[in-house]
Q: 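The structure's right below; bear with me while I get my questions together.
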Amino acid sequence: MEEAWQPPAPQPSPPTTGRRSNLFEAAATYVAACAEDDYESSAEAARWVSPEALCFGVNELACRAVIALAREHDQTPRDVARTLLGLPVA
């Protein structure tokens, strides 16, 4: 049985700008790059912090985005999240 393709494991390293990146900078760069199908930038951002930190940052970004969209559209965060994922509103 053939396994699904997995990107290479990120190796912690500072960003190429020479300054240390925090997990929120890494998460913002990673998510924006993924949204733009920019594999190189997403892989680079994934190297800035540990996988656990990146996961936390992406989760925090998702929560903040859903809350902002819910307020903007006068909906519940649950309804917004389900709509974004193409699920029926519960």
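All values below were derived from every heavy atom in this structure, side-chain atoms included, with hydrogens, water molecules and symmetry-related copies excluded. Every value quoted in this text rests on a predicted model; they were computed, and no experiment measured them.
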Q: From L23 CG over to W48 CH2, what is the distance, rounded to the nearest 0.5 angstrom?
A: 12.0 Å
Q: Ignoring hydrogens, what is the shortest heavy-atom contact between Y30 and A45? Give both atom names and the distance.
A: N-CB, 3.7 Å
Q: What do you reckon, is CZ of F24 surrounded by more than 12 foreign heavy atoms closer than 6.0 Å?
A: yes
Q: Report the residues that fulfil side chain to side chain donor-acceptor pair (under 3.5 Å) with D38, sequence neighbours left out, ordered by chain and then residue number.
A: S41
Q: Under 3.5 Å, side chain of E36 to main-chain N/O of A33, donor-acceptor pair present?
A: no
Q: Please name the pair of heavy atoms, one in C34 and one in S42, separated by the smallest distance, quoted to 0.1 Å.
A: SG-CB, 3.8 Å
Q: Under the side-chain contact (heavy atoms from CB on, under 4.5 Å) rule, collect the residues that match up with V31, sequence neighbours excluded.
A: V58, L61
Q: Would you please name every residue forming a side-chain contact (heavy atoms from CB on, under 4.5 Å) with A32, sequence neighbours left out?
A: none
Q: Check side chain to side chain donor-acceptor pair (under 3.5 Å) between E60 and all other residues, then give those that pass, not counting sequence neighbours.
A: R64
Q: Through direct or indirect side-chain contacts below 4.5 angstrom among Ile, Leu, Val, Met, Phe, Trp and Tyr, which residues connect to V66?
A: L69, V80, L84
Q: Please list all pairs meeting side chain to side chain donor-acceptor pair (under 3.5 Å) that have one or both residues in residues 76-90, counting only residues at least two apart or in different chains.
A: T76-D79
